[in-house]
Each structure stands twice: as C-alpha cells, then as structure tokens.
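Down below is the structure, laid out as structure tokens.
As the structure is a computational prediction, the values presented were derived from the model and not from experiment. Note that these values count all heavy atoms, side chains included, but never hydrogens, waters or copies made by symmetry.
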Amino acid sequence: MSQTPSHAEAHRHCQSLQTALQRLRAQGLDRLAHWGHRLADVLPAGGRLLAAGNGGSAAQAQHLTAELVGRYREERAAYSAIALHAETSSVTAIGNDYGFENVFARQVAAHGRAGDVLILLSTSGRSGNLLSAAMTARATGVEVWALTGASPNPLAEAADQALCIDAAATATVQEAHLVAVHLLCESFDAAVAASAATARRAAGVRRPPNGVEALKGAP
C-alpha cells in the first residue's frame, strides 16, 4: 500500500520526536536528575514548587504539579506544588489590574519564599509573563528553572538553570517536555525514597518484608 501525504507527515513527526528524545537522553538526563534531587531537598523540608506556562506548556506545568501533590507511581507523601496559571481568579484579576505580563510575577511575589523553586515551561522561551516571573523569583531568592525549546532564548538566559529541547516544531518540543516532566518525577521519587531509607538506617529502624517497621534488635 502506498503512503499518503498524511502518512509521510506522520513519519516525519515521529522522526522529529525520536531525534529530540535522543538529544534529551544524551544531554538532559543529568540535569533532570539534579533537579529531582534538588526538589527532594526542598519539598520534604517544607519548601514549595511553583510552575507556570502558557497554552500547551501550561498543561505540562500543571501535569508536573499534579504528580507532586498526588503521586507519580509509588505511594508517598503529598508535596506542595502550585500551577500558577490554574489560579483563574488570580490570573484574570491580575491581568485586568496589572497587565498580562504580570499574571505570574505577582503570584510569585505572593507565594514564593527564599529556597523555593519556580519552573517555567515555554516552547519559544520568549513569553513576557514568564520572563517577568523569572525576574521576580530571582529577586526574592526563589531558584528558577526553565524548560524551553531551542537555545539560545531569553528565558533560558534569565533562569538559574535551563533544559532546552532542540526541535523545530512546537509540538515536538511539547512532547519532549512531557517526557522530561516524567523523568523529573522519577528522579524526585527515587531521591525521596533513598533519603527515607537513609534516615531509617540512621535511626536504627528496619523495614521487614510486610512493610511494618521495627527497631533493630526488637523481638
């Protein structure tokens, strides 16, 4: 059966994503592991993750916060993570009173504390409201991470750390961002579990196969 133009386009789409994921695997895994371990220091200690994006990137950012407040795979504690764009009354009020470029910056000023983390997702890396949020965050001691499309771009330069997906199509960047979000969650969960295991060992607690903790040496 001969391929139709739509089939050929689908093959190009898949090839573009495969290439982007190969680059992510080669260049981004260490950064995502670092981010996961950093969150494992911040969130269990009472810190907070703030996240924001526009359009499809808003959905990706909200996906991340849902995985942290809920769970990714294994059962664990709930952690504080807020998708700023999902605060619809705040977004519309701030946009109306202060302009759209301030819809995230104003919320960062309200919710962010020194030591918290703000992650900003953008396929272009040029969204004015995300750049304003990054500047506000850094001024208040909130660490800024950017998950963007190809570099260089203004948001990657404004962030403390950035992971840039080098792909021509917006759809490909967004699809790779979703993989990055899941890898970040995997790294976070692994780091939290490792930290909990270390704490149990330090406290002289063992976990038998049935999952019930017992002090070492107890009958």
Side-chain angles (χ1 to χ4, degrees), residues 31-54 57-72 76-122 125 127-148 154-163 177 180-196 198-199:
R31 173 134 298 174
L32 290 168
H34 170 71
W35 286 1
H37 283 72
R38 174 71 180 129
L39 282 183
D41 290 335
V42 172
L43 300 187
R48 175 177 291 157
L49 176 72
L50 305 176
N54 295 295
S57 295
Q60 304 282 29
Q62 196 166 344
H63 187 133
L64 172 59
T65 59
E67 302 282 26
L68 295 172
V69 176
R71 67 181 181 191
Y72 177 62
R76 55 157 167 73
Y79 295 103
S80 181
I82 299 175
L84 302 180
H85 53 274
E87 296 290 326
T88 54
S89 294
S90 293
V91 167
T92 52
I94 295 167
N96 187 61
D97 294 341
Y98 299 96
F100 189 67
E101 288 205 355
N102 293 299
V103 294
F104 300 139
R106 185 83 176 177
Q107 292 187 76
V108 170
H111 300 304
R113 301 292 182 267
D116 288 347
V117 175
L118 170 67
I119 185 166
L120 302 170
L121 288 80
S122 172
S127 300
N129 55 9
L130 299 181
L131 290 168
S132 295
M135 289 185 288
T136 299
R138 295 191 69 175
T140 55
V142 174
E143 187 173 354
V144 180
W145 301 341
L147 192 56
T148 75
L155 184 57
E157 294 171 3
D160 292 294
Q161 298 183 49
L163 178 59
H177 280 181
V181 163
H182 282 165
L183 293 174
L184 174 55
C185 290
E186 288 181 5
S187 177
F188 170 76
D189 280 5
V192 167
S195 179
T198 298

- Query: How many angstroms lie between atom CG of Leu163 and atom CG of Leu183, to the nearest 0.5 angstrom?
  - Reply: 9.5 Å

- Note on the structure: On a heavy-atom basis, the closest approach of Gly36 and Ser187 is CA-OG, 3.5 Å

- Item | Sub-6.0 Å ring centroid separation between Phe188 and Tyr79 | yes

- Item | Gap between atom CG of Leu32 and atom CG of Leu147 - 0.5 Å precision | 7.5 Å

- Query: If you measure from CD1 on Ile119 to CD on Gln161, what distance do you get to the nearest 0.5 Å?
  - Reply: 10.5 Å

- Task: Could you list the residues that satisfy salt bridge (Lys or Arg N to Asp or Glu O under 4.0 Å) with Glu143, not counting sequence neighbours?
- Result: Arg38

- Task: Using the side-chain hydrogen bond (donor to acceptor under 3.5 Å, both in side chains) rule, take His182 and Glu186 through it: C-alpha gap first, then chi angles, then the decisive distance, then the call.
- Result: CA-CA 6 Å; His182 282 165; Glu186 288 181 5; over 6 Å; no

- Message: As an exercise, state the distance from CD1 of Ile82 to CD of Gln62, rounded to the nearest 0.5 Å.
- Response: 12.0 Å

- State whether the side chain of His37 and the backbone N or O of Ala33 hold a donor-acceptor pair below 3.5 Å, judged by distance alone. yes

- Query: Where do Val142 and Val117 come nearest, in terms of heavy atoms and distance?
  - Reply: CG1-C, 3.9 Å

- Looking only at non-hydrogen atoms, find the nearest pair between Leu155 and Ala134 and report the distance. CD1-CB, 4.4 Å

- Note on the structure: Partner of Val108 under side-chain contact (heavy atoms from CB on, under 4.5 Å), picked from Leu118, Leu120, Asn102, is Leu118

- Out of Asn54, Leu50, Thr136, which residue meets the side-chain contact (heavy atoms from CB on, under 4.5 Å) rule with Phe104? Asn54

- For residues Ala61 and Gly53, report the shortest heavy-atom separation together with the two atoms involved. CB-N, 4.4 Å

